[in-house]
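Let me begin by presenting the structure, written as structure tokens, before commenting on it.
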Amino acid sequence: MLGILSENYVADNEYAAGTVVVFGGTAEITVTNQFADTRVAGVIAEDLSTVLKGRVMCNVIGPVAKGDLLATSDVEGYAKSLNQYQDWVVTFNI
């Protein structure tokens, strides 16, 4: 896992690799069903650490193209491309 920055956080449940997590819940990290949740922490890696930066498998719902900005989705543990929500991206100057 070269080029990856990860950290070990206590999760409020057991999460599989690829799960998108946020800070909060009954421990340090949890999942969310809030679209574009600003508490995003990262993605659970195969070694069960939380990847904060780098290339790692990630659960995604909906279409995604190379270079798309990903955010939390309304499906727990999944990311979604913000590029299909151009009005949202422009509104928040991303």
Side-chain angles (χ1 to χ4, degrees):
M1 294 195 326
L2 295 175
I4 291 186
L5 173 63
S6 66
E7 188 69 47
N8 291 319
Y9 292 104
V10 178
D12 62 357
N13 205 339
E14 290 186 29
Y15 299 115
T19 302
V20 177
V21 292
V22 297
F23 293 109
T26 58
E28 293 179 303
I29 58 173
T30 189
V31 292
T32 185
N33 62 0
Q34 179 182 333
F35 173 65
D37 193 329
T38 58
R39 303 173 300 151
V40 67
V43 177
I44 302 296
E46 290 179 7
D47 67 0
L48 301 183
S49 65
T50 301
V51 175
L52 309 171
K53 181 179 181 181
R55 293 175 88 171
V56 66
M57 178 184 72
C58 176
N59 296 336
V60 178
I61 190 162
V64 176
K66 184 176 15 175
D68 282 1
L69 178 61
L70 299 180
T72 59
S73 77
D74 53 357
V75 177
E76 286 187 352
Y78 282 74
K80 177 182 268 189
S81 169
L82 286 179
N83 290 31
Q84 59 185 308
Y85 301 97
Q86 291 299 323
D87 292 340
W88 190 92
V89 174
V90 171
T91 301
F92 290 95
N93 297 316
I94 292 179

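In terms of heavy atoms, S49 sits closest to N8 at CB-OD1, 3.3 Å. Shortest non-hydrogen contact noted between N33 and E76 is CB-CG, 3.9 Å.
Under the 4.5 Å side-chain heavy-atom criterion for ILVMFWY residues, a single connected hydrophobic cluster contains both V40 and I4.
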Would you mind writing out the side-chain donor-acceptor pairs for residues 14-29 within the sub-3.5 Å range, not counting sequence neighbours?
| from | atom 1 | to | atom 2 | distance (Å) |
| --- | --- | --- | --- | --- |
| Y15 | OH | D12 | OD1 | 2.5 |
| T19 | OG1 | A16 | O | 2.7 |
| E28 | OE1 | V10 | N | 2.7 |

Pairs under 3.5 angstrom only: tabulate donor-acceptor contacts from the side chains of residues 62-74 to other protein residues two or more places apart or in another chain.
| from | atom 1 | to | atom 2 | distance (Å) |
| --- | --- | --- | --- | --- |
| D68 | OD1 | N83 | ND2 | 2.9 |
| D68 | OD2 | A65 | N | 2.8 |
| D68 | OD2 | S81 | OG | 2.9 |
| T72 | OG1 | Q34 | O | 2.8 |
| T72 | OG1 | A36 | N | 3.1 |
| T72 | OG1 | D37 | N | 2.6 |
| S73 | OG | V75 | N | 3.0 |
| S73 | OG | V75 | O | 3.1 |
| S73 | OG | Y78 | O | 3.0 |

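Between the OG1 atom in T50 and the CD1 atom in I44 there is a gap of 4.0 Å [rounded to 0.5 Å].
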